[in-house]
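Remarks on the structure that follows.
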Amino acid sequence: TIENRQEGSRHALRNFNLETGRLASGEPFDLETDFIVDLDPTMSVQVQLASRITADFEKNVHRLSRPKIDLTVTGEGYPKDGIPVQISADIIESDISNEQHRLEGLKVAATWHGEGFPAAGVPISLQAKELSANLAQQTLETQDLYADIAGAKLSAMLTGSKILDAPRFEGRLALAPVALRDWLARLGIELPKTRDGSVFRELSFASNAVLTKSSAELQNITLTLDDTTATGSFAITDFDKQALKFDLGVNRIDADRYLPPPVEDEKAKSDDEAPTEIPVELIRKLNAQGELRINEAVFAGMKFSKLRLGVNARDGKARFHPFEASMYGGTYSGDIGIDATGQVARVSLDEHVRNIDFAPLFKDFFETDRVSGKGNANIKLSGNGRTTDDVLKTLSGTVDFNVADGALEGADLWYEIRRARAVLKQQPIPERSGPARTPFTSLQGTGTMKNGVLANNDLNVAMQYLKVTGQGTVDIPNSTLDYRLTATVLKIPREGAEPAPEEDLVDAQIPVRVTGALTDPKVRPDLEGYLKGQVKQRLEEEKQKLEEKAKEKVQDVLKDLLRR
């Protein structure tokens with residue numbers, strides 16, 4: 001029994017049996033032994049060894065020919081009958097005087113059992129053509145090192161230096177292409193359902209590796225999952241500090257393919273969707289620095305190209321900068337920060353888009369084709385909370401936007417004005433001559449956001465026949481808007497040689513309400529406001545006429561008096 005009270009460990013050897021042939025230096029003899037090693041109170045290993053041994057005591061060189069070792073691991077957390085492990089080799093040779101050791105034809109086989117694994121267990125095998133160690137020079141060499149875990153085949157070619165004082169291992173690692181779904185099933189792992197049932201089809205990996213006691217680095221990585229390939233480097237620069245460093249490039253990825261299938265019932269979808277927790281504990285522990293580049297990407301329905309994301313996270317603060325991409329005919333650049341040092345996370349956004357084509361953007365992200373146009377926007381906001389919903393409800397900051405040559409599809413403001421006029425004058429409702437859309441040449445404004453609600457007091461929309469100005473609010477958490485606008489009629493579109501019947505609307509200022517969901521706003525001219533404006537204007541005109549008539553009568557009376 002060996003007991004280390006300082007470390008609190010205890011190892012014991014029991015039930016030891018040994019049987020050998022005639023012992024003579026330099027002469028081969030057979031050896032069989034079995035014993036039990038108690039590594040700690042909860043784990044024991046039963047050992048059976050058989051081999052032909054040649055021991056040269058003069059040269060201090062010893063060889064085991066065709067050794068066969070059977071191990072059975074038992075203890076807490078292991079199956080009742082234990083886990084059997086078979087180890088064999090062609091030759092194990094030790095030159096103790098020169099501190100050189102060599103192993104040829106190593107083979108290890110086991111079937112791992114445990115909670116969560118299939119009842120039949122997980123077959124594992126390891127083999128190596130040769131392992132050689134020179135303890136005097138502190139070097140290690142391996143040839144043709146292979147591992148097979150339930151059909152996943154790994155290969156390695158490693159060399160080691162300073163293996164006693166400061167171990168460092170370098171070499172090539174590779175995982176041959178494996179059918180990922182089938183392989184994970186053999187491990188007892190069931191993948192979740194995805195929108196695309198063909199994903200998780202194939203996985204492969206290759207890299208140069210550098211391993212030390214305190215770090216691990218993978219260089220010249222080639223990682224392929226389905227049709228996505230990542231290349232570059234990844235390292236854990238300090239195991240104790242869990243410091244990560246990476247520089248990765250990806251050819252393409254469609255992340256939406258790996259999401260759960262969409263919920264058909266929208267009500268059930270809204271009931272099931274819980275706010276997303278911000279992983280503050282993870283961010284507090286995160287120690288990472290690196291850059292990710294993706295040539296083509298799809299996230300949340302949005303398409304990007306030439307995406308570049310810098311990550312710098314430490315001491316509870318994470319910053320994603322530079323964050324830039326080409327998207328929808330324009331560019332995006334952003335600076336996103338998450339501060340998790342307080343009780344709740346504080347999120348800051350500094351976002352800019354230039355020359356973005358909003359029609360495909362809104363169609364992909366909001367699943368609507370109601371908005372089109374091309375323009376710019378700047379967003380500088382911050383919020384805090386435990387979930388994404390909390391952050392949306394506390395967002396505060398500034399926004400400005402400028403969109404050119406666009407349209408609000410599904411609503412025709414000019415037609416609604418004509419219809420309102422017809423109702424007011426008790427005339428037949430005019431027929432629409434084209435699709436329901438409100439085109440504009442420019443739309444611009446600025447706003448201040450507080451607690452997730454944007455107040456925009458200078459909306460200015462220029463159209464071919466109208467000018468629209470006004471103010472309103474956009475409620476981001478509830479995805480609604482409420483605007484009170486004034487549409488000034490600049491001129492009447494000509495549809496033929498005859499004068500347009502709406503000529504009386506020129507220079508009219510018509511109140512307009514825009515309300516409803518962001519993705520489906522309702523545009524309504526304010527009939528009551530328009531009527532009040534018309535009545536007020538007529539009263540002013542009649543008042544002016546009466547004043548002019550009274551003035552004329554006074555002048556006439558004065559003239560008569562002067563004549564007298």
Side-chain angles (χ1 to χ4, degrees), residues 294 296-310 319-337 347-383 392 395-411 413 437-450 452-464 466-476 479-481 483 485 514 517-519 521 523:
I294 305 177
E296 297 178 10
V298 178
F299 295 107
M302 299 176 65
K303 300 179 179 67
F304 301 88
S305 64
K306 298 178 182 178
L307 187 148
R308 179 187 176 205
L309 173 63
R319 186 184 182 193
F320 302 94
H321 176 78
F323 195 177
E324 56 192 32
S326 296
M327 54 184 291
Y328 300 98
T331 60
Y332 160 85
S333 62
D335 187 347
I336 301 174
V347 179
S348 61
L349 308 171
D350 190 356
E351 314 288 289
H352 309 273
V353 294
R354 297 286 180 270
N355 300 317
I356 294 293
D357 190 346
F358 288 100
L361 172 63
F362 271 65
K363 185 173 183 179
D364 289 343
F365 188 66
F366 295 108
E367 297 182 355
T368 179
D369 55 4
R370 296 293 301 271
V371 179
S372 65
K374 195 167 187 176
N376 311 321
N378 301 289
I379 301 172
K380 193 166 186 177
L381 303 171
S382 63
L392 285 177
L395 278 177
S396 298
T398 59
V399 173
D400 67 77
F401 51 89
N402 188 335
V403 184
D405 299 324
L408 177 64
E409 306 291 344
L413 178 57
R437 65 193 308 263
T438 302
F440 57 82
T441 55
S442 72
L443 181 151
Q444 56 188 359
T446 63
T448 301
M449 184 174 291
K450 185 175 182 181
V453 178
L454 175 68
N456 169 215
N457 296 322
D458 61 352
L459 183 69
N460 193 317
V461 187
M463 306 179 191
Q464 190 173 2
L466 304 171
K467 178 181 179 182
V468 179
T469 58
Q471 59 188 18
T473 59
V474 180
D475 188 332
I476 300 299
S479 297
T480 60
L481 76 169
Y483 269 83
L485 308 175
V514 181
L518 282 174
T519 55
V523 179

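The two residues Phe304 and Ala325 make their nearest non-hydrogen contact at CD2-CB, 3.8 Å. Residues Ile294 and Glu296 come closest through the heavy atom pair CG2-O, 3.2 Å. In plain terms, the two heavy atoms of Met327 and Lys303 that are nearest each other are CB-O, 3.6 Å. Of all heavy-atom pairs spanning Val461 and Phe440, the tightest one is CG1-CB, 3.7 Å. Between Val514 and Pro521, the closest heavy-atom pair is CG1-CB, 4.1 Å. Smallest separation of non-hydrogen atoms from Arg437 and Ala407: NH2-CB, 3.2 Å.
Distance check: Thr446 OG1 to Asn378 CG gives 11.5 Å after rounding to the nearest 0.5 Å. With rounding to the nearest 0.5 Å, the separation of CG in Leu349 from CG in Leu395 is 6.5 Å. For the atom pair Leu443 CG and Leu408 CG, the distance stands at 9.5 Å (nearest 0.5 Å). With rounding to the nearest 0.5 Å, the separation of CG in Leu454 from OG1 in Thr448 is 7.5 Å. Rounding to the nearest 0.5 angstrom, the gap separating the CG atom in Leu459 from the CD atom in Gln471 is 10.0 Å.
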**Study point:** side-chain contact (heavy atoms from CB on, under 4.5 Å) between Leu466 and Leu413, worked out
**Key:** CA-CA 9 Å; Leu466 304 171; Leu413 178 57; 3.9 Å; yes

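For the pair Thr441 (side chain) and Ala462 (backbone), a donor-acceptor distance under 3.5 Å is present. Under the 3.5 Å distance criterion, the side-chain polar atoms of Asp475 are left unmatched by any main-chain donor or acceptor of Leu481. Between the side chain of Ser326 and the backbone N or O of Lys306, no donor-acceptor pair lies under 3.5 Å.
With no hydrogens or angles considered, no side-chain donor-acceptor pair links Asn402 and Asn376 at under 3.5 Å.
Residues forming a side chain to side chain donor-acceptor pair (under 3.5 Å) with Ser372 (at least two apart in sequence, or on another chain): none. Evaluation of the salt bridge (Lys or Arg N to Asp or Glu O under 4.0 Å) rule for Asp350 yields no partner, not counting sequence neighbours. Remark: Tyr332 pairs with Phe323 by the ring pair (Phe, Tyr, Trp, His ring centres under 6.0 Å) rule, at least two apart or across chains. Remark: Lys374 pairs with no residue by the salt bridge (Lys or Arg N to Asp or Glu O under 4.0 Å) rule, at least two apart or across chains. Evaluation of the salt bridge (Lys or Arg N to Asp or Glu O under 4.0 Å) rule for Arg308 yields Glu291, Glu324 as partners, not counting sequence neighbours.
For the pair Asn456 and Phe401, the minimum side-chain heavy-atom distance is below 4.5 Å. The shortest side-chain heavy-atom distance between Gln444 and Asp458 does not fall under the 4.5 Å cut-off. Looking at Leu381 and Val399, their side chains come closer than 4.5 Å, going by heavy atoms from C-beta outward.
Within the structure, the salt bridge (charged side-chain N to carboxylate O under 4.0 Å, His left out) test picks out the following pairs touching residues 326-335 (sequence neighbours left out): Arg319-Asp335.
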